[in-house]
Amino acid sequence: MARLVMKFGGTSVATVERIKNAARHVKREFDAGHEVAVVVSAMSGKTNELVAWAKEAAPNYDPAEYDVVVASGEQVTSGLMALALQEMGMPARSWQGWQIPIYGSDAHSAARIESVDGAGIVAGFDRNREIAVCSGFQGINPRSHRIVTLGRGGSDTSAVALAAGLKADRCDIYTDVDGVYTTDPRVVPKARRMDKVSFEEMLEMASLGSKVLQVRSVEIAMVQRVPTYVRSSFDDPDNPNPGTLICDEDDIVEQQIVTGIAFSRDEAQITLRRVADKPGVAAAIFGPLADANINVDMIIQVVSDDQATTDITFTVPTGDFERAKALLESKHETIAYQSLQGATEVVKISAIGVGMRSHAGVAARAFRALAEKGINIRAITTSEIKFSVLIDAAYTELAVRTLHSLYGLDAA
Ligand code: ADP
Ligand code: ASP
Ligand code: MG
């Protein structure tokens, strides 16, 4: 007998029919004698609709009430899933974040899970093998007692954190693809499914834009050693495939230099032209952005011809672009730049692989390949196991496919 957490994402619970199908996967595990906790997302599209309603009601919304609104999508699916399981003859009970409870920080709409108390769920397992159907994405702040949500895609994190809290043997993330691919299979039909991917690489892929898992869920899986699989809810419930295991680097026999290509459209570029090239200028620019909680990602500084001024280019998340621009415009005098240019039609393409630690020239090959396709690189960053380039968004697919082929990732 094992203890399992089974998470179903938005597409997998998009209709009552799909919920019934997901319930068949649960029945398979239940019939095998396992203890099961299920985590559900909202029906696909629901959270977007709720976000839009909150913004329509109040453009500068109170984040605490925004969380009340957007958390409601998961309440519906947890109740429907419990009903579907009961209809199929299984004992099942829904649990909202506050009932479990899953405690989250007070950062509304981006809360971090502080702790999970699985005692009530385990009592149900012990009583009558009751299946706990938990709403993903939501928790409660232990001090304000208000509902908090975990950021978009947060049900993955609910599932892995619950698996850790329940000391589950496994966390299965059921989604609309049958595992983690070398890149988004919707963009590159030749993407290959991986049987295993290391925690480190998955973490980079997720943070660099592969939305298949929320970043925080991978962090928790890595730190708390939760065996986590990504697999398909569209498989035959009686004959499913195991999917992709996220595991230690050492457990992977065949290592590639580059294992995956990720891309993120959530980038906007800002260039400050002719900033005085003197000590303190970077602090004058990036200090206020940090104080405003705006995350700066790529940074490049170019010394201009006159040696007295410099151009500074950096990227911020698209959602913070207007705010960053307004902030820097308000500091025009202090920073003393000549002009500010911005671009939102840009994309960050990244290549990830632990093999980069021991191989030189991996990024250089990409620069050459992109140049041959006439793709101009606006900014570059590198770190131990990845590099990223910022390019015009119009070239997204071409660039991703080019790098995917270059590193030998295309399926035969
Ligand atoms: P869910 O609603 O189940 O949480 P998501 O839409 O959040 O599903 O995540 C699954 C999607 O992630 C897939 O449909 C796929 O388009 C996308 N994706 C992006 N990168 C990858 C990748 N490297 N491997 C698999 N899927 C990926
Ligand atoms: N429903 C939430 C969202 O769309 C959480 C999730 O699906 O993981 O972001
Ligand atoms: Mg998701």
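Ligands are counted one by one from 1 in listed order, and the atoms in each one are counted from 1 as well.
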Next item on the list: Verify, without hydrogens or angle tests, whether D235 (side chain) and N241 (backbone) share a donor-acceptor contact under 3.5 angstrom.
Entry: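 Checked: pair present.
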Exercise. Quick check: does any side chain N or O of Y337 sit under 3.5 Å from a backbone N or O of L328, one acting as donor and the other as acceptor?
Worked result: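 Judged by distance alone, yes, a pair lies under 3.5 Å.
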Among S94, S41, S135, find the one that has a side chain to side chain donor-acceptor pair (under 3.5 Å) with S78.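 In the set S94, S41, S135, the residue that makes a side chain to side chain donor-acceptor pair (under 3.5 Å) with S78 is S135.
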query: N/O of T182 under 3.5 Å from N/O of ligand 1, yes or no?
result: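 Checking ligand 1 against T182, no N or O pair falls under 3.5 Å apart.
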Kindly print each ligand 2 N/O atom paired with any protein N/O atom under 3.5 angstrom away, one pair per line, or none if nothing qualifies.
from     : atom 1 : to   : atom 2 : distance (Å)
ligand 2 : 1 (N)  : T47  : OG1    : 2.8
ligand 2 : 1 (N)  : E74  : OE2    : 2.7
ligand 2 : 4 (O)  : T47  : OG1    : 3.4
ligand 2 : 4 (O)  : R152 : NH2    : 2.9
ligand 2 : 7 (O)  : S41  : OG     : 3.1
ligand 2 : 8 (O)  : G153 : O      : 3.4
ligand 2 : 8 (O)  : G154 : N      : 3.3
ligand 2 : 8 (O)  : S155 : N      : 3.0
ligand 2 : 8 (O)  : S155 : OG     : 3.3
ligand 2 : 9 (O)  : R152 : NE     : 2.7
ligand 2 : 9 (O)  : G153 : N      : 2.8

I need the contact type for [X] against ligand 1. Using non-hydrogen atoms and a strict under-4.0 Å cut-off, is it side chain, backbone, both or neither?
X	result
R186	side chain
P185	side chain
T183	backbone
Q214	neither
V177	side chain

Does G179 come within less than 4.0 angstrom of ligand 1, counting non-hydrogen atoms of the residue?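 Yes; G179 lies near enough to ligand 1 that a heavy-atom distance drops under 4.0 Å.
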Original post:
Under 4.0 angstrom from ligand 1, any heavy atom of K7?
Top reply: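 Yes; K7 lies near enough to ligand 1 that a heavy-atom distance drops under 4.0 Å.
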Report the nearest protein non-hydrogen atom to [atom]: residue, atom name, distance rounded to 0.1 Å.
atom	value
atom 15 (C) of ligand 1	D184 OD1, 3.4 Å
atom 2 (O) of ligand 1	G10 N, 3.0 Å
atom 27 (C) of ligand 1	V212 CB, 3.7 Å
atom 8 (O) of ligand 1	T175 OG1, 3.1 Å

Check [Y] with [X], please: is the shortest side-chain N to carboxylate O separation under 4.0 Å?
X	Y	result
E329	K325	no
R193	D195	yes
R170	E29	yes
R146	D67	no
D248	R225	yes
K196	E249	no

Practice item. With D172 as reference, evaluate R231, R28, R3 under the salt bridge (Lys or Arg N to Asp or Glu O under 4.0 Å) test and give the passing residue. Key: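 With D172 as partner, R231, R28, R3 yield a single salt bridge (Lys or Arg N to Asp or Glu O under 4.0 Å), made by R231.
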Checklist line | Atom pair CZ (F30) and CG (L4), whose distance is rounded to the nearest 0.5 Å | finding: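 Here the interatomic distance stands at 12.0 Å.
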* To do: Could you tell me whether atom 6 (O) of ligand 1 has a protein heavy atom closer than 4.0 Å?
  =>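 Looking at atom 6 (O) of ligand 1, one finds that no protein heavy atom lies closer than 4.0 Å.
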Item to complete: Look at the rings of F387 and F367 and say which category their plane angle falls in: under 30° parallel, 30 to 60° tilted, over 60° perpendicular.
Response: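 F387 and F367: perpendicular rings.
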Exercise for the section: Give a yes or no on whether the ring-centroid distance for H25 and Y174 is below 6.0 angstrom. Expected result: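 Between Y174 and H25, which both carry aromatic rings, the centre distance is below 6.0 Å.
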Please list, in number order, the atoms of ligand 1 under 4.0 Å from a heavy atom of [X].
X	result
V180	24 (N)
D176	10 (C), 11 (C), 13 (C), 14 (O)
Y181	22 (C), 23 (N), 24 (N), 25 (C)
K211	7 (O), 9 (O), 19 (C)
M205	23 (N)

Under the ring pair (Phe, Tyr, Trp, His ring centres under 6.0 Å) rule, what do F286 and F314 come out as? Steps first, then yes or no, please. CA-CA 10 Å; F286 298 115; F314 56 90; 5.1 Å; yes
| request: With sequence neighbours excluded, give me every salt bridge (Lys or Arg N to Asp or Glu O under 4.0 Å) pair touching residues 257-268. | output: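 Counting only pairs at least two positions apart or across chains, the salt bridge (Lys or Arg N to Asp or Glu O under 4.0 Å) contacts touching residues 257-268 are E267-K348.
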